[in-house]
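Comments concern the structure below.
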Amino acid sequence: SAPRRPIVGRRLMRIQRLGLTRFGKFTDFALDFGPQPSAGPDLHIVYGPNEAGKSTIYAGLLDLFFGIPRMSTFNFKHAPATMQLDGVIETDGEEISLTRIKRQKNDLLDADGQPVGIDPFAVAFGSLDRDAYQAMFSLNEASLSEGGKGLIAAKGDFGRILYGASAGLSGFSETLE
C-alpha cells in the first residue's frame, strides 16, 4: 500500500516549499520539495557541511510554524522588522501559500498579503507548541545522543517513548522508578 502522510492534529499537512526570504544568513533562499509523489516514499533529508545553514533552515521551519520569537537570534543580517519566511503547504488536498513576518500579531499572511483568518498550522498542530513539536518530531545529533542515553537508562521522554514503543510497555519505566 502507498505510504500515508502523518496526521498532525486534525489535518494532514505536507511542506511543499520553505522559503527563507530574509532570515538568518539567507536572502531569497528556498527549499522546494515539489508536489507529493503519487507513489513511493515522500521523505526529505537536509544535510550539508558545518555552517551550511542546516540549523538556520530548521529554525526557519519552526518560526514559519509557530511565529518568529520576539528575541530572535536570526536577525543578524536582516533588520528584525524585515524578517520574512514563506512556505507552500499541502493540507487536505489544498495547496496554501503563506508568509510569516516578524510582528506581535497578524504575522501570518495569505498569498495576497492579508492576515489569515484561521492559522492552518494551529489547526494542524492543535495544542502542540514549539517545544512539544521539537521533542516529538525533531531529530538532530544532540537529541539522538540524549535519546540514546535515555533509552539505555529507560529514562527521559525520548527514551520512554522508544522503549515503550519497542517493548509495548509504555508505562514500564515509571513502574521501574
Side-chain angles (χ1 to χ4, degrees), residues 1-68 74 83-101 107-148 151 157-158 161-162 164-166 168 170:
S1 69
R4 300 170 68 197
R5 288 188 281 172
I7 297 175
V8 181
R10 294 174 285 166
R11 296 184 73 182
L12 301 173
M13 185 174 70
R14 180 185 180 276
I15 302 162
Q16 190 177 83
R17 181 181 180 280
L18 172 65
L20 288 87
T21 309
R22 287 182 296 280
F23 190 83
K25 71 178 191 173
F26 293 106
T27 305
D28 297 325
F29 174 81
L31 288 173
D32 191 338
F33 301 108
Q36 181 177 0
S38 58
D42 187 22
L43 173 70
H44 302 275
I45 298 173
V46 176
Y47 69 97
N50 290 341
E51 301 301 317
K54 300 177 301 292
S55 295
T56 301
I57 291 167
Y58 172 63
L61 177 66
L62 291 176
D63 286 359
L64 179 65
F65 289 166
F66 298 103
I68 301 171
F74 293 95
M83 292 175 71
Q84 180 178 324
L85 300 156
D86 62 78
V88 176
I89 62 168
E90 297 171 30
T91 182
D92 293 339
E94 181 183 1
E95 194 175 281
I96 303 171
S97 295
L98 298 164
T99 298
R100 177 81 71 183
I101 57 176
D107 63 335
L108 188 61
L109 310 176
D110 64 19
D112 296 324
Q114 298 301 310
V116 298
I118 298 173
D119 182 339
F121 300 120
V123 171
F125 297 138
S127 62
L128 199 66
D129 65 8
R130 181 187 299 254
D131 291 336
Y133 179 91
Q134 286 181 281
M136 293 176 69
F137 300 112
S138 303
L139 296 176
N140 59 31
E141 183 178 356
S143 66
L144 287 171
S145 175
E146 188 64 31
L151 181 58
D157 291 340
F158 190 68
I161 290 167
L162 286 177
S166 66
S170 59

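Hydrogens, waters and symmetry mates are skipped; everything else that's a heavy atom, side chains included, is used.
- Residue pairs that meet the salt bridge (Lys or Arg N to Asp or Glu O under 4.0 Å) test with at least one member in residues 49-60, sequence neighbours left out, do not exist here.
- Of all heavy-atom pairs spanning F74 and M83, the tightest one is O-CE, 3.6 Å.
- When the side chain to side chain contact (heavy atoms under 4.5 Å, CB included) test is applied to T27, the partners found at least two apart in sequence or on another chain are K77, H78.
- Scanning for side chain to side chain donor-acceptor pair (under 3.5 Å) contacts around T21 gives D86, with sequence neighbours left out.
- Qualifying side chain to side chain contact (heavy atoms under 4.5 Å, CB included) partners for V116, counting only residues two or more places apart in sequence or in other chains: L98, L108, D110.
- With sequence neighbours left out, F121 forms a ring pair (Phe, Tyr, Trp, His ring centres under 6.0 Å) with F65.
- Here the shortest heavy-atom pairing between E90 and P35 reads OE2-CA, 3.6 Å.
- Residues forming a side chain to side chain contact (heavy atoms under 4.5 Å, CB included) with Y58 (at least two apart in sequence, or on another chain): L62, Q134, S138.
- Counting only residues at least two apart or in different chains, salt bridge (Lys or Arg N to Asp or Glu O under 4.0 Å) contacts with residues 128-139 comprise D63-R130.
- Side-chain contact between V88 and I96 is absent, with no heavy-atom pair separated by less than 4.5 Å.
- Note that CD1 of I15 and CG of L61 are 4.5 Å apart. Values are rounded to the nearest 0.5 Å.
- Listed by chain and number, the residues in a side chain to side chain donor-acceptor pair (under 3.5 Å) with Q84 are R22 (sequence neighbours excluded).
- Between the CG atom in D42 and the CZ atom in R14 there is a gap of 4.0 Å [rounded to 0.5 Å].
- Salt bridge annotation for R100-D107: present, with a cationic side-chain nitrogen under 4.0 angstrom from a carboxylate oxygen.
- Interatomic distance, Q16 CD to I89 CD1, rounded to the nearest 0.5 Å: 10.5 Å.
- A pairwise comparison of heavy atoms in I57 and L20 identifies CA-CD2, 4.1 Å as the closest pair.
- Under the ring pair (Phe, Tyr, Trp, His ring centres under 6.0 Å) criterion, the residue pairs touching residues 28-48 are F26-F29, F33-H44, with sequence neighbours excluded.
- Here the straight-line distance linking atom CG of L18 with atom CG of L64 works out to 6.5 Å at 0.5 Å rounding.
- Note that the OG atom of S97 and the CG atom of L109 stand 12.0 Å from one another [nearest 0.5 Å].
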